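Keep in mind that this is a model prediction, so the values were computed, not measured. First the proteins, then the strands, lettered A, B, ... as listed; each starts at 1.
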2 protein chains.
Amino acid sequence: MAAGMEENNVGNDGASASGADVSGPDVEVRTLADLARVAGVSAGTVSRALAGKSLVNAETRERIQALARQYGFRPNQMASKLRSRRTGVIGVVIPLGHEKRQQISDPFFLTLLGHLADQLTEAGYDLMLSRAIPDGTTDWLERITGSGMVDGVLLIGQSDQSDVIDQVVSHYRPLVAWGNHREGQKHVVVGTDNELGGRLAAEHLIACGARRLAFFGDTAGIEIAMRLRGARAAAEAAGLHIKHVPIKLADAEMGPQLEAALADAEADFDGIVTASDLIAMSALHVLHESGRRIPGDVQIVGFDDLPLARLTSPPLTTVRQEIGQGAKVMVEKIRALIEGETRHSKVMPPTLIARDTTRS
Amino acid sequence: MAAGMEENNVGNDGASASGADVSGPDVEVRTLADLARVAGVSAGTVSRALAGKSLVNAETRERIQALARQYGFRPNQMASKLRSRRTGVIGVVIPLGHEKRQQISDPFFLTLLGHLADQLTEAGYDLMLSRAIPDGTTDWLERITGSGMVDGVLLIGQSDQSDVIDQVVSHYRPLVAWGNHREGQKHVVVGTDNELGGRLAAEHLIACGARRLAFFGDTAGIEIAMRLRGARAAAEAAGLHIKHVPIKLADAEMGPQLEAALADAEADFDGIVTASDLIAMSALHVLHESGRRIPGDVQIVGFDDLPLARLTSPPLTTVRQEIGQGAKVMVEKIRALIEGETRHSKVMPPTLIARDTTRS
DNA sequence: GCAGATATTGCAAACGATTGTACATCAGCC
DNA sequence: GGCTGATGTACAATCGTTTGCAATATCTGC
């Protein structure tokens, strides 16, 4: 009959010691109400105390916080989020669009993801990662925006879904995408001036003496298409032709595709613009194998300036995207949008980093 | 006065058409109750219908699902999760431990993360990504396990927190870590036999004629320490000495550290085991610059076999970790643990992939 | 000693779904 | 025709917080 013999009598209110019970480290305290009982106050007060609100007496607030620590209590986030209608979570979505591969593997996107994770954590948000396979409708995106699980959505790449995204944004504001900005589009985009990037790359090659030009990359994604357009413009301005060679990114396919493209007898390129550092690295590898010298026989320019670009041999000349900066901007914009403010797209200028795969 | 002139009169129950109202695409239906009103049934029935339960009449079920589609209704996840006490979310935590860097950048971890994302999506789970900075207590981990926000936790690397993790696991079961398995440890780990990996690397170098050996890598993380131990064992078995050169992973520092290590006059290595492909690539780069020929003057072995390893020049000989397979196993185990089953650690054997940075 | 202002705290109603239980309907059967 | 069992639906409690409002206690100045 003595109190303390039973442990599972949690329900009876007030039957046990009246407040200053410091002992029981084995009464389980899972909920606010549990802790409230232990502290001898009401659940509401505990809630306010843990939130650090000034409405509660400083002394009791500290006492409650101490108890919470002691019992290892943490408020249930689901309940909290449900009630406060604020999740503190940002959804980060990778549309696995025009590339059929089911894998998240592109090192550029992975790097951007890493930076976003850093920035979001710093801003006090959690990050919910989803891969999504666009299906022609808005469903793949609305499943996330409409779930009530996130305060906002960051899109890593638009794939070929610019229109779909526009449509979703008409009724779901807090959304920011990485990618190419298109005139007249509704949703907020942060990204590089891809056309300029392509132009810089081609101009540099031409200035370094290249004349038989090629562009390696699949233009299904609008970003790549714009890079090609820029490169083409630069070529035409110099009275040259540039051959477009579509290269899919899927790891397994890329090697053979490149070999085929480069083995082609008439494909005697002396200057290659690539759609990404990854393609450039693969091309470098294939060219090496076939005995061509770089930059002697062939010059090549990458795109992205991943950390790895400086490690190739020879180190890769490439067009740099400010990806860390881009992540920072994306997070700033999504926060503002969540607060109900208005934001516009930001197009960042790329810069050409001349290393040793071109004869500067 | 005519109905349809106002749009914001949602509150009045039952005043509008009685059930078969197919029109109103502008009455907002946010909640189950809203949809129930439109469908002329109760909220409970709608819930079961959307969940596809067999308890409801097939006909009404389809009618309700059609309505849900038509109104673009999606049940609020927070509410659902709160009630059903199942979140459908797995927390993926990257402990930013012994490396002081604040950045998620290690390509190995990023690659593992990509595979985990794929596997978890396939298993129907969402992925919540957190970086965490261990603080000497269990708090950095328990903030996540105790939040009620995830059904289980996957740790990408243990850093030097093996003991802390053990402690947490004593009261929080569903947790699986990637990393090195230590005898007697409580928590479930999936990973590579690092000691064996280190041994394979060194043995291969020795078989290829290397005699003046070095190991490049910082041994604060237990994984690396075990690789060194394996390499050292192989060296000693051959009557050789292996010099340990600590190399921090932080991008900016790695280059200079390597240069210093390799410029050292007495550091006339002819065989290098590295703790990761990333270090190997950097080393390759520095060695190239200093004019040494590979594998002629120096042979080098990486660790991980990232997709990039085959793209270096010469292509990198490396110790392969089955990272895709590892992700699959981690997800299988976390699911089982969530179901209350028991699982044990899995140590996977690495394999040596001989490419061209060694003279096979 | 009292009106009124000012701290604190308790109460109870949300938040929006899920789910056990009870009730209604209907078919089949002796 | 009444009883049994199956089927489908409505009702209401519940998950664990947050928060507006009311209630109490304390204090201030006159």
Side-chain angles (χ1 to χ4, degrees), chain A residues 10-11 13-14 18-19 28-65 68 71-89 146-151, chain B residues 10-11 13-14 18-19 28-65 67-68 71 73-89 146-151:
Chain A
V10 178
D13 49 352
S18 61
E28 200 193 1
V29 21
R30 274 185 327 102
T31 73
L32 271 189
D34 292 346
L35 189 56
R37 204 172 307 129
V38 173
V41 296
S42 79
T45 302
V46 174
S47 173
R48 286 185 260 256
L50 293 182
K53 297 245 170 105
S54 57
L55 284 82
V56 313
N57 184 303
E59 190 183 322
T60 44
R61 187 193 327 149
E62 272 158 37
R63 188 166 58 85
I64 290 175
Q65 288 178 344
Y71 285 93
F73 169 76
R74 298 178 194 274
N76 180 304
Q77 301 279 31
M78 289 307 162
S80 162
K81 286 164 191 217
L82 171 59
R83 174 57 224 242
S84 60
R85 311 171 122 290
R86 184 182 173 288
T87 71
V89 178
S147 70
M149 237 177 0
V150 298
D151 289 342
Chain B
V10 178
D13 50 351
S18 62
E28 200 193 1
V29 22
R30 276 186 325 102
T31 74
L32 269 190
D34 291 346
L35 188 56
R37 203 172 306 130
V38 173
V41 296
S42 80
T45 301
V46 174
S47 173
R48 284 185 257 259
L50 293 181
K53 297 244 170 107
S54 57
L55 285 82
V56 321
N57 185 304
E59 190 183 322
T60 42
R61 188 193 327 150
E62 272 156 36
R63 188 166 58 84
I64 290 175
Q65 288 179 343
L67 280 171
Y71 285 93
F73 169 75
R74 298 179 193 276
N76 180 303
Q77 301 279 31
M78 290 308 161
S80 162
K81 288 167 184 198
L82 171 60
R83 174 59 224 240
S84 60
R85 313 173 119 288
R86 185 185 170 285
T87 71
V89 178
S147 71
M149 231 173 10
V150 298
D151 289 341

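Of the candidate nucleotides D/dA10, D/dG16, D/dG8, D/dG8 has the atom lying nearest to any side-chain atom of B/N57. The side chain of B/T31 lies closest to C/dG16, out of C/dG16, D/dA10, C/dG10. With C/dA17, D/dT17, D/dA10 as the choices, the nucleotide that has an atom nearest any side-chain atom of A/L32 turns out to be D/dT17. Nearest to the side-chain atoms of A/A79 among the listed nucleotides D/dT9, D/dG16, C/dC15 stands D/dG16. You'll find that the side chain of A/L82 is closest to C/dC15, out of C/dC15, C/dA17, D/dT9. Of the candidates C/dT9, D/dA10, C/dT19, the closest approach to any side-chain atom of B/S42 belongs to D/dA10. Listed nucleotides D/dT9, C/dC15, C/dA17 differ in distance to B/S80; the shortest reach to its side chain belongs to C/dA17.
The distance between atom CZ of B/R85 and atom C1' of D/dG16, rounded to the nearest whole Å, is 9 Å. Here C/dT21 presents its P atom at 12 Å from CZ of B/R48, a figure rounded to the nearest Å. The CZ atom of B/R37 sits 19 Å away from the P atom of D/dT9 (whole-angstrom rounding). A/I64 has its CD1 atom 8 Å from the P atom of C/dT9, to the nearest Å. We find that CZ of A/R86 is positioned 11 Å from P of D/dT19, with the value rounded to whole Å. The interatomic distance linking B/K81 (NZ) with C/dC15 (C1') rounds to 16 Å, in whole Å. Per the geometry, CG belonging to A/N76 stands 18 Å off P belonging to C/dC15, to the nearest Å. A straight line from CE of A/M149 to C1' of C/dG16 spans 15 Å, rounded to a whole angstrom.
At a cut-off of 3.5 angstrom, the base of C/dG16 holds no donor-acceptor pair with the side chain of B/R74. Checked by distance alone, B/R83 brings no side-chain donor or acceptor within 3.5 Å of a matching partner on the base of D/dG16.
A/R30 comes within 4.0 angstrom of the backbone, heavy atoms only, and of no base.
For B/K53, a side-chain nitrogen or oxygen approaches OP1 or OP2 of C/dT19 to under 4.0 Å. Residue B/S84 places no side-chain N or O under 4.0 Å from the OP1 or OP2 atom of C/dA17. Between C/dA17 and B/S47, no contact under 4.0 Å exists linking OP1 or OP2 to a side-chain N or O.
Between the CG atom of B/N76 and the CZ atom of B/R30 there is a distance of 8.5 Å, given to the nearest 0.5 Å. In this structure, B/Q65 CD and B/T60 OG1 are separated by 10.0 Å, a value rounded to the nearest 0.5 Å.
A/K81 places none of its side-chain heavy atoms less than 4.5 Å from the side chain of A/R86.
Partner of B/F73 under the side-chain contact (heavy atoms from CB on, under 4.5 Å) criterion, chosen from B/L50, B/V38, B/D34: B/L50.
Formation of a donor-acceptor pair under 3.5 Å by the A/T45 side chain with backbone atoms of A/V41 is not found in this model.
B/L67 and B/A39 make their closest contact through CD1-CB, 3.7 Å (heavy atoms, listed as atom of the first residue, atom of the second, distance).
The nearest heavy atom of DNA chain C to B/M78 and to B/T45 marks one nucleotide each, and the one closer to the 5' end goes with B/M78.
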